[in-house]
Amino acid sequence: MSSDFHIFKKDIEQALDVLRKGGIILYPTDTIWGIGCDATNPEAVEKVNQLKGRSKNKSLIILLDNDNKLSSYVREIPDVAYELIEYSDTPLTIIYSGAKNLSPNLIPADGTIGIRIVKHDFCKELIHRFRKPIVSTSANLTNHPSPKNFSEVEDEIINGVDYVVSYQQEDQQENSASTIIKLGPSGQFELIRKP
């Protein structure tokens, strides 16, 4: 077995333990390195906001491992959402109306939530094992640049989380954030961010 596999396995176990206890993690995602926590735990979400120094009314993205789970967290899913997820060849975050079953301090006044279905091996495994969505917000302080890889993550973030994932820390590839679109209940959509 490769050492990568052992690192991967150990990181999954440690990250799960921290998430279950309401802690926050620093982890690789399908886009840039992220700060994550249990998306159903208000205290954990608050810890993320405090670490980043971000305003409480700014929304956070959540990650799921499978589009079958969307209906657990969104009241109505337009059919086009499944096509967009299936055919997008780059990471895509979709903002849906009618968020439910999530921490109240994750959901802005308009009731929307940004969700990305991940294809990244570490994220998929972690979310699958955790059985709940995980928050993902860029691993930077508010108004600081987002890190393109682990080497750009600031010490304040590394020291402020409960667990730092080792997997993919050596990866020097420069990653970018996801495309974000807002999807209305009847299927109309607008582009919010293109990396």
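Keep in mind the model is a prediction, meaning the values are calculated, not measured.
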Would a 4.5 Å heavy-atom cut-off, applied to side chains only, mark [X] and [Y] as touching?
{"X": "Ile157", "Y": "Asn140", "result": "no"}
{"X": "Pro133", "Y": "Ile127", "result": "no"}
{"X": "Pro78", "Y": "Pro185", "result": "no"}
{"X": "Ser72", "Y": "Leu70", "result": "no"}
{"X": "Gln14", "Y": "Lys10", "result": "yes"}
{"X": "Thr112", "Y": "Lys182", "result": "yes"}
{"X": "Asp65", "Y": "Phe130", "result": "no"}
{"X": "Ile192", "Y": "Ile95", "result": "yes"}

Margin query: Under the criterion side-chain hydrogen bond (donor to acceptor under 3.5 Å, both in side chains), I'd like the reasoning laid out for Thr137 against Lys52: C-alpha separation, chi angles, the key distance, then a yes or no.
Written below: CA-CA 9 Å; Thr137 179; Lys52 285 194 60 137; 3.0 Å; yes
Is the [atom1] atom of [X] crowded by more than 12 outside heavy atoms at less than 6.0 Å?
{"X": "Glu156", "atom1": "CD", "result": "no"}
{"X": "Glu154", "atom1": "CD", "result": "yes"}
{"X": "Asn68", "atom1": "CG", "result": "yes"}
{"X": "Lys194", "atom1": "NZ", "result": "no"}
{"X": "Phe189", "atom1": "CZ", "result": "no"}
{"X": "Lys69", "atom1": "NZ", "result": "yes"}
{"X": "Glu170", "atom1": "CD", "result": "no"}
{"X": "Asp79", "atom1": "CG", "result": "no"}

Next item on the list: Would you please test Tyr73 and Leu64 for side-chain contact (heavy atoms from CB on, under 4.5 Å) and show each step?
Entry: CA-CA 10 Å; Tyr73 305 103; Leu64 286 171; 3.9 Å; yes
Next item on the list: Test Tyr163 against Leu16 for side-chain contact (heavy atoms from CB on, under 4.5 Å), laying out the working first.
Entry: CA-CA 10 Å; Tyr163 184 69; Leu16 278 171; over 6 Å; no
Note to self: Please enumerate all residues that pass salt bridge (charged side-chain N to carboxylate O under 4.0 Å, His left out) together with Glu13, with sequence neighbours excluded.
What the structure shows: Arg129
Notebook entry, point to check: Is the Phe122 ring parallel, tilted or perpendicular to the Tyr167 ring (thresholds 30°, 60°)?
Noted result: parallel
Checklist line | Lys/Arg N to Asp/Glu carboxylate O, Asp30 vs Lys119, below 4.0 Å | finding: no
Within this structure, what is the [atom1]-[atom2] distance for the pair [X] and [Y], rounded to the nearest 0.5 Å?
{"X": "Ile134", "Y": "Ile61", "atom1": "CD1", "atom2": "CD1", "value": "14.0 Å"}
{"X": "Ile94", "Y": "Tyr82", "atom1": "CD1", "atom2": "OH", "value": "10.0 Å"}
{"X": "Ile107", "Y": "Asn101", "atom1": "CD1", "atom2": "CG", "value": "8.5 Å"}
{"X": "Glu43", "Y": "Asn105", "atom1": "CD", "atom2": "CG", "value": "8.0 Å"}
{"X": "Ser88", "Y": "Arg116", "atom1": "OG", "atom2": "CZ", "value": "10.5 Å"}
{"X": "Tyr96", "Y": "Arg75", "atom1": "OH", "atom2": "CZ", "value": "15.5 Å"}

Next item on the list: For Gly22 and Lys47, work out which heavy atoms get closest and say how close.
Entry: O-NZ, 2.9 Å
Next item on the list: Could you pull out the closest heavy-atom pair between Ser178 and Thr31, with the gap in Å?
Entry: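 Taking Ser178 first and Thr31 second, the nearest heavy atoms are N-CG2, 3.7 Å.
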Margin query: Determine whether a donor-acceptor pair (N or O, by modelled atom type, separation under 3.5 Å) exists between the side chain of Thr179 and the backbone of Leu92.
Written below: no
Note to self: Using only atom types and a distance under 3.5 Å, with no angle test, would you say the side chain of Asp162 pairs donor to acceptor with the backbone of Val18?
What the structure shows: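 Not at all, since once roles are kept as given, no pair shorter than 3.5 Å links the two residues.
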Next item on the list: Answer yes if the side chains of Arg193 and Thr93 hold a donor-acceptor pair under 3.5 Å, and no otherwise.
Entry: no
Checklist line | Donor on one side chain, acceptor on other, Glu125 and His120, under 3.5 Å | finding: no
